[in-house]
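Here the structure is laid out as structure tokens; the discussion comes afterwards.
Scope of the values below: all heavy atoms of this structure, side chains included, with no hydrogens, waters or symmetry mates. Sequence lines set the chain letters: A, B, ... in the order given, protein chains first and strands last, and positions in each chain run from 1.
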Amino acid sequence: MDKGQILAKFSSDPNRYYKVSLFEKEGFKRKSCSKCGRYFWVLDEGQDLCPDHIENRYSFIGDPPTRKRFDYTQAWKEVESFFVSNGHKSVSRYPVVCRWRDDLYFTIASIVDFQRVMGSKVVFEFPANPLVVPQTCLRFKDIENVGVTGRHFSSFCMIGQHSIPNSQGYWKDKCVELDFRLLTDKFGINKEEIVFVEDVWAGGGSFGSSLEYFVRGLELGNAVFTEFQGDLENYSVLDQKIIDMGAGLERFAWITMGTPTAYDCCFGPITKYMIEKTGVDTDSDTISKYFRAIAKTLSESVDISVARKNAAASVGIDNVKMGKMISPLEGIYLIADHLRTLIFAISDGALPSNVGGGYNLRILLRRTLATMDRFGWDFNLDDLIDLHADYLKSTYNELEETRKDVKTIIGIEKGRYKESRVRMINIANVLKSQNKKLAVDDLIRLYESDGITPDFLKETQIISEIPPTFYERLSDLHQSEKTEKVEQLDLDKIPDTNLLYYKEDPHEFEAKVLKVINGKYTILDKTSFYPRGGGQEPDHGKIGNYDVVDVSKHGNVVIHETLGGSPQVGDMVECKIDFARRYGITRHHTSTHVINASARNILGSWIWQHSAFKEQDYARLDITHHSSLTEEEIMKIEDLANITIRKNIPIFINEFERGEAEQKYGFRIYQGGVVPVKLVRIVNIEGLDVEACGGTHVNKTGELGLIKITKAERIQDGVVRLEFVAGEAALKYTQSQDKKISQIVKSLGSSKEKVLESFEHVVKDGEDAKKRVKQIIKRTSESSAKTAIAQAKNLGKVRLFITVEEELDDEYHIAVGEQAVNLDKSLIYCALIIKNSSIRIVAFSGADAVNTKKAGDLVKDVAKVLGGSGGGKDTFGQGGGKNMLKIKDALLVAEQSILGK
RNA sequence: GGGCUGGUAGUUCAGCGGUAGAAUACCCGCCUUGCACGCGGGGGGUCUGGGGUUCAAAUCCCCACCAGUCCA
């Protein structure tokens, strides 16, 4: 839906959509901007310009309009206490890795915390009403602006004020009044400074009006009233209206502090530390002027580099000053921002990698390190991480737990960056030595496959200029395509299947056939057949006389696929599930949870389930991890898993309201991904692992018997796959491995105890034999060559040695032939070597013999007879054929060919 | 999730259908003799694995694995 059209519609009826009681009470006037026409509400009747166009934009820099000064963490305490004293519950932030939504990698707004996708609908889950949350949000869109504009961040704290209008919550009037009073009462901002701008919001099938509030041109917050659904011509009021007020905490701090940039007051002691360490020349007056100027010019010119230039020019900063003062400051801001984002993301379980959201994190760290390289700074990243974590402690105490792990991950990733640098320099050196002219295509290939930017090539003087078409060509290459979703079966009017496997779970039961689709998909009124889902393979068994080969769930209906026919609709049928299969799968499913927890304990807090698969005699678990596993790590995980089995820990399964479960157990429960139901089933292996999971599980870990990891491989950057077997499958696996060893023992004629030594012996013998053959050929080739020369037959001007070989290989004849023609320049050496029912031809012509017959030509003629082909150089030719019966003819043809017949 | 690039001696790479190479490191000898350097010789490889095409594959095609890299 077009936002402009909605805005036009809403603004045409401001009393209905925008006028709140506060405006009336305080005497706010509605005005239209004389420059852009947008409508806004303000106390000063003489103001004709909207906040985007007023003269005193960003004049709070150096002159804050507030009574008090609050830095970042203090500002949150103020905001929090204000909302709490006004009846709000203060909720802890949600993870920045958005595991409860399939369509987002990271949490991008506070409202996302409470959105749960069920089917195609978004529903809201509020742990309290009304509430306020300091939600860390990650946004990578304006990454180039970070550090440069004074107000862009890769992650920021969105103050989320959320309310559902009901007996506890409130709607527009109170919302705007609260926001107004927060600014005036709490922060002491003069009410004449506050401007509300009319706007709208639309997304996910719903829409509503919104009021953005500004002070001196700085947008502090935006109160969105999600109210309608449908399209503009025909819309209705939502059952569940929502207030989504999001405000930037960084900006609240900034406006009270009046620092040149928002960075100066939001990273606590980090920027100060870096400025002192680097000795960057700072002069707050010039810097204030510069950042005020850039804030103003930014909206007018799109290109950030142009904005920088203009801003510098307007306050009289020359290139030297730019390079000494502004650029290093930008670098410091960038480092502080990027590291803070990495701390949050890694703490919440994301890993830098080359896929998915991890790529954004890798970019952040590489930008950080590249900036340090550029200025020649050698900050200890661990120190900076400590400074951040210490500073954030009062609001985000949870970062404490993962502080060490964050350092580990960033350390590893830094190592990768360094290796990558070395590789880049090597490639650059090769390019330099080749001294070839590089086309745009070459530059694109270098960039896309090796990460070598044209800027780097220019820096190292491999190219003199970056071709103007480079970026154009690059963006042409990336026209993204969206994938379509698969259509679902039409299951209208079919009631939800009664799921017995979550209840008594009988192995045999009787059920009524409700519907049969395409003669093979049977729907029953109730079932104990577990459908495919959550990586768990479906049950097999029988419905009547028909074999069930697949079971799947569509919505709340279970569909059984049968082989060779299906029962009649309306019949009562006897159903029986293959319990041996089910029990194997069940054991593997519980084992997956056990292995996941073991891996997390052994490796680190960054371990999450990436995906999983379990069937009767095999299972695999993909976990998020930064490197390949060592054999030792695999063994430790396996050991811990088996210790867990021996402890025979009980497993409890209970249903919870989702919000309750999240509050009680945290977001670790979402290992298996999105759970699209209101009631979540919590599988709790006491003291070890708690997950939301719909699968089947054993009652006690002892039932698993044995867990054996059979394989560990890195399936992509940041993901390791563990394959394993449990229970009976584990026994079978060890038995079959043992059998293989027995066979090896038998064929080696060794014993089980000494099999390894025997094997090493055999391998070494093989190697030695090969070496010996090589030596023998080397030493005997000369005498063999002489023998060949002696046996050669005169044929016109040349002498021919030709032989048919069944025992020795081509390697031998090549060595001998070469020697022979060296000793006798008029010799032609030709061998027909029989190998695997085909014939290989090798021929040499001596330096003098070449005039009579070239080796390559000879081979061609001979090979033709043998039904093959060949060729080669004057002195050496190779070829072959498959017709063994023609060998005698071939010998004859060789002579004739030399004689020129 | 979608691309792209690469995998050859311990290492860095060349070769891109026709006898597997260079540099460096290693071992031996010589020269010097404090080392570096210099000279001569030597060992070192199922060309990541598996299929296919071909008389012939490191080389071409397909698949897998490993590594790197870009984008959404």
Stepwise side-chain contact (heavy atoms from CB on, under 4.5 Å) check, A:Lys786 with A:Glu782: CA-CA 6 Å; A:Lys786 281 179 181 157; A:Glu782 196 176 333; 3.4 Å; yes

Full working for side-chain hydrogen bond (donor to acceptor under 3.5 Å, both in side chains) between A:Ser897 and A:Lys853: CA-CA 8 Å; A:Ser897 159; A:Lys853 194 74 195 175; 3.2 Å; yes

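Going from the C1' atom of B:C66 to that of B:G29 covers 42 Å, rounded to whole Å. Only the C1' atoms considered, B:U59 is 14 Å distant from B:G21, to the nearest whole Å. Taking atom C1' in both B:C63 and B:C26, one finds a spacing of 38 Å when rounded to whole Å. Spacing of C1' atoms, B:A20 relative to B:A57, comes out at 13 Å, to the nearest Å. Remark: the separation of the P atoms in B:C55 and B:C16 is 23 Å, to the nearest Å. Distance check on atom C1': B:G50 versus B:G1 gives 27 Å, rounded to whole Å. For the C1' atom pair drawn from B:A56 and B:A23, the interatomic distance equals 30 Å after rounding to whole Å. Between B:A25 and B:C65, the distance separating the two P atoms is 38 Å to the nearest Å.
Nucleic acid contact for A:Gly356: base, since at least one base atom lies under 4.0 Å from a heavy atom of the residue. Residue contacts for A:Gly451: at a heavy-atom cut-off of 4.0 Å it reaches the sugar-phosphate backbone alone, with no base atom in range.
The distance from atom CE of A:Met424 to atom C1' of B:C70 is 13 Å, rounded to the nearest whole Å. The CD atom of A:Glu811 sits 18 Å away from the P atom of B:A56 (whole-angstrom rounding). If you take CD of A:Gln878 and P of B:U59, they are 16 Å apart, rounded to a whole angstrom. The distance between atom CD of A:Glu419 and atom C1' of B:A67, rounded to the nearest whole Å, is 11 Å. A:Ile715 has its CD1 atom 14 Å from the C1' atom of B:A64, to the nearest Å. For the pair A:Leu832 CG and B:A56 P, the interatomic distance rounds to 16 Å; values are reported in whole Å. As a whole-Å value, the separation of A:Asn426 CG from B:U11 P is 15 Å. Between the CD1 atom of A:Ile452 and the P atom of B:C70 there is a distance of 10 Å, rounded to whole Å.
A:Arg423 has a side-chain polar atom (N or O) that falls below the 4.0 Å cut-off from OP1 or OP2 of B:U69. Not one side-chain nitrogen or oxygen of A:Ser420 sits closer than 4.0 Å to the OP1 or OP2 atom of B:A67. Checking the phosphate oxygens (OP1, OP2) of B:U69, a side-chain nitrogen or oxygen of A:Arg366 falls inside 4.0 Å. Side-chain N/O atoms of A:Arg445 include none lying less than 4.0 angstrom from OP1 or OP2 on B:U69.
By the 30° and 60° cut-offs, the orientation of the rings of A:Trp100 relative to A:Phe667 is tilted. Below 30°, between 30° and 60°, or above 60°: for A:Tyr618 and A:Phe613 the angle between ring planes is between 30° and 60°, a tilted geometry.
In the set B:G1, B:G68, B:U19, the nucleotide with an atom closest to the side chain of A:Gln716 is B:G1. Looking at the side chain of A:Glu448, the nearest of the listed nucleotides B:A67, B:G3, B:C55 is B:G3. Side chain of A:Arg840, nearest nucleotide from B:G3, B:U5, B:G18: B:G18. Proximity note for A:Ile814 (side chain, C-beta onward) versus B:U5, B:G68, B:U19: the nearest is B:U19. Distance from the side chain of A:Tyr447 is smallest to B:C70 among B:U19, B:C70, B:A67.
The backbone N or O of A:Leu808 sits less than 3.5 Å from a side-chain atom of A:Glu805, completing a donor-acceptor pair. In terms of modelled atom types and a separation under 3.5 Å, the side chain of A:Asp337 and the main chain of A:Phe153 share no donor-acceptor contact. For the pair A:Gln671 (side chain) and A:Gln609 (backbone), a donor-acceptor distance under 3.5 Å is present. Listed for the A:Arg799 side chain is a donor-acceptor partner under 3.5 Å among the backbone atoms of A:Ile789.
Below the 3.5 angstrom threshold, one finds a donor paired with an acceptor across the side chain of A:Ser869 and the base of B:C55. Between the base of B:U69 and the side chain of A:Asn354 there is a donor-acceptor pair shorter than 3.5 Å.
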Intra- and interstrand pairs of RNA chain B - dot-bracket, Watson-Crick/G-U under 3.5 Å, | marks other strand: ((((((((.[[[[.)..(..]]]].(((((.......))))).....[[[[[..)....]]]]]))))))).

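Both tests do not hold together for A:Arg366 against A:Tyr417: distance to the six-membered ring centre under 6.0 Å, angle to the ring axis within 45°.
Positionally, the nearest nucleotide of RNA chain B for A:Val355 lies more toward the 5' end than for the other of A:Val355 and A:Ile427. Where A:Phe844 and A:Lys882 meet RNA chain B, the nucleotide closest to each residue was compared, and A:Phe844 sits on the side nearer the 5' end.
Separation of the A:Phe106 and A:Phe140 ring centroids falls under the 6.0 Å cut-off.
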